[in-house]
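Here's the structure, in structure tokens; my notes come after.
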Amino acid sequence: MDNKKLADLLFPDVKLTVEQIEKKYPKRKLKPGAEVTRFAPSPTGFMHLGGFFQVLIDYSIAKHSDGVFFLRIEDTDQKREVSGASAVIMDILTGYGFTPDEYELKGGVTVGEYGPYYQTERKEIYRAYAKKLVSEGKAFPCFCKKTDGLADVELKRQKNFAQGLLEEKDPCRNLSMEQIEQNIKEGKKFAIRIKSNGDGKRKIKFNDGSRGEIEILQNSKDAILLKNDSLPTYHFAHAIDDTLMGTTVVVRGEEWLPSYPLHAEIFEALGFKQPKYIHTPLIYKFNEKGNRRKLSKRKDPEMDMRYFEKEGYDKTAVVEYLLNLINSNFEIWRKNNPNADFREFPFDGFKITTVTPIFDFNKLNDISKDVISKLSAEQCYEYLLNWAKNYSIENVEYLEKQREYVTKVLNIDREKPKPRKDIYKWSMFFELFDYMFGAPKSFEIDESERKNYEKVLRNYKNYLVLTTKEDWFNNVKKMAGELGYATDNADFKKNPNKYLGNVAKVCEYIRIAITGRKNSPDLYEIMTLLGEKEVLRRICAIV
Ligand code: GLU
């Protein structure tokens, strides 16, 4: 077979040579040891939690080594393309402070010299390399029609495979030049497959950046490189793009691990050196029954990074939580450096956990409470307003008009040595503090206590003083004593039957009347913020 002739027959219009292409992608001038990483999502319309995981690793490897982190949009599967999807990804990356050094905005700017950063704009490059492989006898055309997105042979192979018959080589590799010429004349579309030399019974070894040495069976399949729409498969594009764009570390999901042998063969056929790889584990969670299951796009809204935005999670908390999930040292570091910025954490992307990460909202919420508790009331107000502007428009006007009051509400039990840890996302604010924005609609009072509760409230109208916390409490105590409640806790414990309860009980009744709840932040602070008139109004509405 005259391979050169075959290459010209298949790609008569491809004049661009790989030498010309490679000139446009010179080796990057970086200091020794600098790593180049990339995030390479498919534009499916959302930013995956697992993808964000990879971004954290990509970003820190690049930054810690003074390297480069770039964004490449893998849009070759046009059935899955969602318009505007890359904007979603850029929004999240920049929103979290992980802006890539190089990227392209569709119809907008391109930053970086190694683009285009959209794969569909690199079509001519893939075709040139495909032509080269055909001309070297390393690849061949396959004319099998597609059925349900899979070539006939592919379906047959899958059936065979299921029956344990491993028939790997593609029948089209044996077509004669005449048959191929005939097919082309008939206008038949073709895909390009690699002519695999692999032996599917032999193993190859490679070193995964986080998992260490892995042994895996060689590729022996004549896999598709270029689909019959002339666009590359992930495998082919990965080898070409990551080589030309100078990627030194590929961080990707563990679902790509089984394709590693094919990638090794493609890199070899192209004469390229493979980058380092880090395969990240899939994220799981416990279901209601306590069993582990993979996070699913359909069932788990948190798979989409925008969920955290909509809910108003603090971004630092989300990042810290994820760092926690992938690197067990983070928790210890955080304990020893309670006030440091997470960016100071000496994160080693090569030392990520190999233990299955389990997503746990309780843990995320705890971290978030912690992070938010350290913010000033002013900062909280800004975050809350910002969140509302995007996700709770109906509250914006109120928030803007009542800036001072809302900031005071946010300051209840805050800006203290031991601030209260209750808010973990901004969407919970109005519900958590509903009693600061209107009288409660329900009250957590046990029916058996109603008589005592009402008696306390009726009396309290005459004892309400909000001048100082001390006066306020002294008055509550005075009333409590007069109504038969203990004002001294030790005494109450010794003779519980002598009293109706202790002063804490009285405070609880007042708290329920004012906030509807048995538990709330500092009652005096709440009452002073509401003001005497409002407090009285609430009590009078009950008794
Ligand atoms: N587009 C691939 C994906 O979304 C990229 C994998 C990789 O990073 O190489 O899974």
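For the single chain, residues carry numbers from 1 onward in sequence order. All ligand and atom numbering here is 1-based and tracks the order in the structure.
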- Task: Tell me, with the steps shown, if E35 and S65 meet side-chain hydrogen bond (donor to acceptor under 3.5 Å, both in side chains).
- Result: CA-CA 6 Å; E35 304 282 12; S65 65; 5.8 Å; no
- Item | For ligand 1, the portion of Q54 having any non-hydrogen atom under 4.0 Å away |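 Near ligand 1, Q54 shows nothing, with every heavy atom at 4.0 Å or more.
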Give the numbers and elements of all ligand 1 atoms closer than 4.0 Å to a heavy atom of [X].
{"X": "R252", "result": "7 (C), 8 (O), 9 (O)"}
{"X": "V251", "result": "8 (O)"}
{"X": "E74", "result": "1 (N), 2 (C), 5 (C)"}

- Message: I'd like to check whether V250 has a polar contact with ligand 1, where a contact means an N/O of the residue lying under 3.5 Å from an N/O of the ligand.
- Response: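 Looking only at distances, the answer is no, because the N/O contact criterion of under 3.5 Å is not met.
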- For ligand 1, find out whether one of its N or O atoms is nearer than 3.5 Å to an N or O atom of R38.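 R38 vs ligand 1: N/O contact under 3.5 Å present.
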- So, E104 and R72, do they make that salt bridge, N to O below 4.0 Å?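 No, this pair does not count.
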- Salt-bridged, D101 to K63, with N to O below 4.0 Å?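 Yes, D101 and K63 are salt-bridged.
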- Task: Mark yes when over 12 heavy atoms from residues, nucleotides or ligands other than E331 sit less than 6.0 Å from its CD; otherwise mark no.
- Result: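 No - once you tally the heavy atoms of other residues, nucleotides and ligands closer than 6.0 Å, there are 12 at most.
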Applying a strict 4.0 Å limit to heavy atoms, is [X] in contact with ligand 1?
{"X": "H48", "answer": "no"}
{"X": "G253", "answer": "no"}
{"X": "D242", "answer": "no"}

- Less than 4.5 Å apart, any side-chain heavy atom of I214 and any of L257?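 Contact flag for I214/L257 side chains = yes.
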- Task: Decide whether a cation-pi geometry holds between K315 and Y96; the criteria are a distance under 6.0 Å from NZ or CZ to the six-membered ring centre and an angle within 45° of the ring axis.
- Result: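 Judged by the rule (NZ or CZ under 6.0 Å from the ring centre, within 45° of its axis), K315 counts as positioned above Y96.
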- Of W256, F39, Y277, Y234, which has the heavy atom at the shortest distance from atom 7 (C) of ligand 1?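 Nearest heavy atom to atom 7 (C) of ligand 1 lies in Y234.
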- Item | Single hit among Y260, F267, W256 for ring-ring contact (aromatic ring centres under 6.0 Å, His included) with H238 |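 Per the ring-ring contact (aromatic ring centres under 6.0 Å, His included) rule, the option paired with H238 is F267, out of Y260, F267, W256.
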